[in-house]
Amino acid sequence: MDDTINLTFWIGGGVFILVCLFMVYCILKFSYKEGRKVEYKPEDHKLEKILTIATTVGVIALLAPGLIVYNNYINTPKNALQVEVNAWQWGWQYRLPGEDGILGTAQVAKITDDNPFGMNLDDPNGKDDILIQDDVLHLKTDRPVKILLRSLDVLHNYYVPQFRAKMDAIPGIISYYWFEPNKIGEYEVLCAEYCGVGHYAMRAKVIVENEDNYENWIKEQETFSDLIAKQENNKLKTTLVAQNND
Amino acid sequence: MSDVKIEGFELKPGFKGMAEDTGSDQTMFKGVQWGKVMMWIFLLSDTFVFSCFLISYMKGRASTVVDWPNTSEVFSLHVGSVPVPLLLIAIMTFVLITSSGTMALAVKYGYEKNRKMCGWLILATAIGGLTFVGMQVFEWSKLIHEGVRPWENPFGAKQFGSYFFMITGFHGFHVSIGVIFLFIYAYKTFAGHFDKEKRGWFTTMKGGYVEIEILGLYWHFVDLVWVFIFAFFYLW
Amino acid sequence: MEETKKKEETSTHKIGIYLWIWGLLFVLSFFSYMVDWYAFQGLLRWSLILIFMFLKAGLIMAFFMHLFWERYALVNVLLWPMTAIACFIVLMVAEGQYTVFTRLLYFFTGG
Amino acid sequence: MSDEYNQQNTPLEAQSSETMSGSSGTPSKDIDYVRPAEIPEQDLYHGHSFITKWVFCQDAKIIGVQYFLTAVFTGVVGLILSWLMRLQLGYPELVPFITAEHYYQFVTMHGMIMVVYFLTALFLGGFGNYLIPLMVGARDMVFPYVNMISFWMFFIAVCVLMASFFVPGGPTGAGWTLYPPQAILPGTPGANMGIILMLISLSLFVIGFTMGGLNYIITILQARTRGMTLMRMPLTIWGIFTATALAMLAFPALLVSCIMMTLDKLLETSFFMPSILQAGEVLSYEGGSPVLFQHLFWFFGHPEVYIVALPAFGIVSDLISVHARKNIFGYRMMVWAIVGIGGLSFFVWAHHMYVSGMNPWFGFFFATTTLIIAVPTALKVYNWIITLFKANIRMNTVMLFCLGFIVTFVNGGITGIFLGNVAVDIPLSDTYFVIAHFHMVMGIAPLMVIMGAVYHWFPLVTGRMLSEKLGKWHFWFTFLGAYSIYFPMHYLGFIGVPRRYFEMYDSPYVTSAVGMNEFITLAALIVGFSQLIFIYNIVTSLKIGKPAGKNPWKANSLEWLTPDVPPTHGNWGEKLPVIYRWPYDFNVPGAKEDYITQTTPPSEVINAEVEKT
Ligand code: HEA
Ligand code: HEA
Ligand code: CUA
Ligand SMILES: [Cu+2]
């Protein structure tokens with residue numbers, strides 16, 4: 001992606017400078033003199049054709065690599081880890097698939113105090129999902145991540161400038177993008193789609209770390225079943241436990 | 001229409017004619033009055049309005065995961081005790097087409113300067129339009145009675161009610177405007193304003209039977225939109 | 001607009017043609033109603049509905065609105081913008097399907 | 001009633017040869033033949049009282065000035081809002097009274113005012129009304145009454161918009177794109193009265209504009225004077241015409257989205273609203289699609305940005321040609337480019353939505369169409385600069401503004417190419433790079449044209465020249481100042497500073513931006529205040545400016561050739577002009593002077609090698 005930016009930058013910058021230089025030349029050379037001889041040539045088909053073709057070629061040279069990169073961007077590699085980012089006004093939380101590697105289904109309409117992610121109780125895939133009610137996300141290096149974006153209220157956008165990738169989180173559908181972190185460190189997450197007065201303050205953190213640290217972190221997190229089990233005398237618990245016994 | 005004559009300019013048919021009309025001076029649409037062009041361009045813009053409504057409806061309907069109500073049941077009427085699907089809608093369609101036909105004839109008689117015929121036909125059109133609006137009111141009240149609201153719908157997807165009331169409402173609004181103008185123009189025709197080339201209220205231009213054609217364009221357009229609403233809303 | 005004078009003598013059409021179109025419109029409306037009556041389903045239903053719809057629309061535009069007799073300059077100016085609408089429709093169909101796909105996948109069925 | 005109309009204009013008789021001046025004396029039966037008039041003379045309504053003459057006036061020229069002044073008023077409001085925003089961004093401590101709510105309201109109103117109520121109204125309503133009848137040789141717009149209503153609708157729309165500053169909760173702060181769901185939810189400032197008034201105001205604007213637009217289109221297509229073929233119209237008219245056509249087809253989408261959003265707000269329908277959790281409660285909405293709104297909005301929004309660009313393209317072509325004393329290079333190409341850009345602009349809208357979560361496959365389609373638009377646009381740029389080549393350039397204020405336009409437009413256009421190429425857009429979208437892009441290409445480029453146009457046509461409207469000296473100062477302040485506002489923003493965008501951020505400073509990675517933001521703010525204040533020079537120039541020149549006389553720039557196009565300068569109601573006195581050529585016959589070899597007006601018959605320029613147009 002950086003390469004396409006650079007390519008565009010140099011071609012674009014070059015054209016810009018050429019245009020400006022040509023203008024300066026004209027201004028200096030042809031400024032007003034009474035009785036100067038002026039060329040009268042309304043049209044020059046050959047010149048126009050050359051310019052059209054040259055521009056078209058330039059455009060193709062910019063577009064083709066861009067589309068290839070884009071194709072790459074929308075097709076997630078098979079081995080990507082899934083992370084679901086939940087956005088709300090104005091904060092973030094995350095959900096990781098548990099051992100089965102599959103995220104359970106979830107709906108905004110099902111959200112309650114006891115079920116902060118709106119998990120579908122009758123979806124078995126969801127029981128081992130890891131729920132992180134905190135805005136810090138850990139990732140391991142050199143492993144592609146597929147970010148699934150879910151919004152609970154309005155549009156947001158999970159954007160880490162250094163990752164060169166972003167996508168809006170839209171209520172009502174799930175959007176996604178992927179990237180591969182390869183530099184250990186802490187990154188700031190910014191919300192990049194206007195979402196109301198708290199927009200500018202909607203920050204989070206991503207920590208990219210090596211495999212071991214990551215595994216340690218994962219172990220400390222709670223799964224959906226844990227969360228339910230912790231809650232005493234509530235309905236969710238009874239339904240879920242009943243289902244577990246089936 | 002086709003048989004315009006223009007001094008010093010040869011009108012050719014087809015695409016050749018189009019190229020020459022476009023390349024000529026003064027007017028591009030040869031022999032089409034300003035008012036008529038205005039109505040056409042306005043209708044083009046209005047087409048985009050209705051298209052946007054219908055496209056939104058399609059998108060909305062295609063992306064809802066809740067079932068869409070079965071329109072032939074929702075809009076059925078009971079004849080005796082047998083439910084006849086879409087009966088009212090069918091009648092409305094026929095009424096609107098009838099009025100379109102009378103309008104077309106009114107335009108024809110207008111150009112033939114047949115003041116009486118023209119006036120009666122416009123009046124007939126207006127009454128057809130009025131009937132249509134009346135039936136629409138009936139249909140709305142029936143649905144409202146059954147619990148459908150813009151914000152809720154007992155038969156399924158919420159959007160059904162919203163789109164239904166919005167689109168038919170917007171169409172009904174067009175029809176109502178048309179009906180008002182039809183009555184006014186019926187009066188003007190009978191009063192002979194077009195024979196006398198009386199100026200209108202808001203315009204510096206002289207009147208003429210072409211105004212009836214302009215009104216006709218609008219009326220046919222309302223019918224045209226109904227064709228699409230009928231197909232996409234009721235038959236889908 | 002003086003030209004009306006010139007036109008008045010020439011530009012009316014035989015009444016028969018209007019009556020014909022009128023009749024056709026009734027018949028086509030009846031047919032499209034029958035599509036629902038007989039509860040055709042699937043592709044057949046759709047193609048019939050669309051065919052009748054476009055035929056009706058075409059007849060109204062061409063004859064009742066006199067587009068058939070208008071000069072091509074006007075006709076083209078009116079019809080070309082419809083490509084934008086067509087493009088919009090096609091893309092919104094794709095968008096609608098994509099939306100419903102992600103909704104079903106992530107909210108209901110899972111995958 | 002009939003005495004209100006002037007009946008003395010008898011229709012032109014069909015004469016086989018008719019020359020305007022008739023001085024040459026050569027029998028010119030053949031080469032000067034222009035076919036007789038097709039359309040009868042237009043009757044005009046002449047006002048008698050102050051009210052019908054100046055307030056509810058039906059003369060397109062006065063309506064144009066009314067539009068212009070109203071639009072400039074909104075523009076000044078937009079400018080002041082931009083100062084307040086910049087103060088907050090540059091010196092957050094200095095202005096504690098600007099809260100986040102206020103900031104977002106300022107951004108929103110700034111964007112909306114500048115795009116819709118300022119530029120659109122100024123170009124189409126202002127320049128369109130004034131210039132169309134004059135340049136095509138009509139007595140007035142075809143429906144003067146409707147034209148008047150159009151202005152008053154616009155005026156009411158502006159009043160409603162301004163009223164929203166004073167309602168409880170203030171104006172909407174949803175961003176000028178008004179994206180739902182947040183536009184109508186409590187987390188956004190002005191989510192009650194503010195947004196409703198905004199939607200009403202926009203709807204009124206659309207209705208009013210439709211009335212005006214019908215006038216512009218039909219005047220251009222059906223009311224040209226004898227000899228004025230489409231390919232002899234000045235490019236100004238082509239630009240305004242195409243922009244109007246775009247507006248007629250694009251505004252419906254805005255109207256529809258406004259209606260639907262109003263219903264979502266007031267009746268709680270769920271067009272754009274899916275299930276939403278607010279303050280722990282699930283709202284009653286269900287199943288709607290926010291992306292649908294974005295599609296509708298940008299189906300309007302992208303043509304809209306060309307609505308403000310195309311008139312600027314047209315006007316700048318004319319200004320360059322007149323002041324470089326050379327015909328515009330490749331006129332035909334320019335016309336086709338304008339029309340082509342206009343047509344294509346309906347197929348690129350979702351390039352604003354690359355990161356919106358729409359169907360990802362759309363990216364391919366829209367990236368391709370977007371970059372295709374760059375080709376005709378590039379041709380226009382080439383043609384402008386080739387026009388300068390081997391010309392005789394008057395380096396006056398007007399020309400300076402034209403050159404300023406080219407520089408900023410090319411800069412902004414090339415950043416547009418970055419954004420159009422979907423893979424490049426993804427990191428840059430919603431950052432200050434986008435802000436830089438569109439301020440270059442829309443914020444200053446068309447403004448440069450407007451200013452140039454004011455210097456150019458002021459003598460026509462008022463009969464007096466503007467001061468050149470003040471004009472040059474004005475130019476240099478505006479150009480250098482505006483450049484120093486927006487050029488640094490590209491850098492901010494590259495490092496990833498997101499747009500619509502009330503403040504950034506606790507973020508470690510953008511500390512380098514602080515100094516830059518202060519600099520930008522200073523520049524913005526200076527540029528803003530330097531507009532006072534302009535206003536001072538206008539006001540004083542009304543009284544003490546050098547009398548302009550007829551055709552001070554030695555231009556060819558019709559607006560300078562009216563019998564009275566400034567033109568009076570009805571524009572042309574007794575007889576409509578007859579046109580024999582395009583408006584770009586400058587420095588034709590063999591001609592006596594360095595310009596040949598459009599009304600000069602061929603028999604008078606027999607020796608010159610004029611282009612056949
Ligand atoms: C007058 C207004 C105007 C104009 C003319 C343009 C012109 C263009 N715009 Fe811009 N644009 C806006 C106003 C405008 N834009 C606004 C207001 C927004 C933001 C709205 C918002 O989100 O709030 C925006 C946002 C915007 C985006 C979305 C960014 C984002 O939100 O992520 C994109 C993406 O494709 C884009 C692309 C383009 C392109 C490709 C052009 C092209 O037409 C430019 C073509 C011109 C040139 C290319 C220069 C001349 C050419 C040459 C000198 C030849 C050499 C060039 C090559 C060989 C490539 N614009
Ligand atoms: C034509 C459009 C236009 C114009 C002229 C401007 C002018 C300016 N804009 Fe604006 N701007 C927008 C359109 C425009 N803007 C839009 C659409 C947005 C997006 C809103 C959103 O995100 O929702 C935006 C957003 C925007 C932001 C981003 C806010 C954010 O995302 O947080 C900033 C920040 O600095 C900014 C600054 C400025 C400044 C400093 C000026 C000016 O100060 C620059 C200098 C201008 C002048 C010198 C011209 C003044 C002249 C007159 C007012 C009329 C005088 C004329 C006569 C008398 C004939 N603008
Ligand atoms: Cu969340 Cu912006
Ligand atoms: Cu765009």
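All chains are named by letter (A, B, ...) in the order of the sequence lines, taking the proteins before the strands, and each is independently numbered beginning at 1.
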>> The test is side chain to side chain contact (heavy atoms under 4.5 Å, CB included); show your working for Leu296(D) and Ser56(B) and say whether it passes.
In response: CA-CA 8 Å; Leu296(D) 284 171; Ser56(B) 309; 3.6 Å; yes
>> Would Val66(B) and Glu286(D) count as a side chain to side chain contact (heavy atoms under 4.5 Å, CB included) here? Give the steps.
In response: CA-CA 10 Å; Val66(B) 188; Glu286(D) 187 184 298; 4.1 Å; yes
>> side chain to side chain contact (heavy atoms under 4.5 Å, CB included), that's the test. Do Phe53(B) and Ile259(D) meet it? Break it down for me.
In response: CA-CA 10 Å; Phe53(B) 273 129; Ile259(D) 292 176; 4.0 Å; yes
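The backbone N or O of Met248(D) sits less than 3.5 Å from a side-chain atom of Ser45(B), completing a donor-acceptor pair. Panel note: side chain Gln26(B), backbone Pro36(D); a donor-acceptor pair is recorded below 3.5 Å. The backbone N or O of Phe271(D) lies less than 3.5 Å from no partner atom in the side chain of Gln159(B), so there is not a single donor-acceptor pair.
How far CD of Glu38(D) is from OG of Ser24(B): 6.0 Å, rounded to the nearest 0.5 Å. We find the CG-SG distance between Leu255(D) and Cys52(B) to be 9.0 Å, quoted to the nearest 0.5 Å. In this structure, CE in Met39(B) is found 10.0 Å from CD1 in Ile218(D), a value given to the nearest 0.5 Å.
In terms of heavy-atom proximity, Gly23(B) sits nearest to Thr229(D) at O-CG2, 3.3 Å. Leu221(D) approaches Phe29(B) most closely through the heavy-atom pair CD1-CE1, 3.6 Å. A pairwise comparison of heavy atoms in Trp151(B) and Leu267(D) identifies CB-O, 3.2 Å as the closest pair. The shortest non-hydrogen separation linking Phe42(B) to Leu214(D) is N-CD2, 3.6 Å.
In this structure, chain B has a heavy atom under 4.5 Å from the side chain of Ile217(D), while its backbone stays farther away. For a residue to count as touching a neighbouring chain, one of its non-hydrogen atoms must lie under 4.5 Å from one of that chain's; by this rule Ser51(B) does not touch chain D. Heavy atoms closer than 4.5 Å to chain D are found in both the backbone and the side chain of Tyr163(B). Residue Phe272(D): no heavy atom, backbone or side chain, is found under 4.5 Å from chain B.
Counting only residues at least two apart or in different chains, side-chain hydrogen bond (donor to acceptor under 3.5 Å, both in side chains) contacts with residues 207-225 of chain D comprise Asn129(D)-Tyr216(D).
Surrounding CZ of Phe181(B) are at most 12 heavy atoms belonging to other residues, nucleotides or ligands under 6.0 Å away.
Using a 4.5 Å heavy-atom threshold, the side chains of Asp25(B) and Ile579(D) count as separate.
The candidate from Ala253(D), Ser270(D), Ala245(D) with the greatest count of non-hydrogen atom pairs under 4.5 Å with chain B is Ser270(D). Counting heavy-atom pairs closer than 4.5 Å to chain B, the top-ranked of the candidates Glu268(D), Met211(D), Met228(D) is Met228(D).
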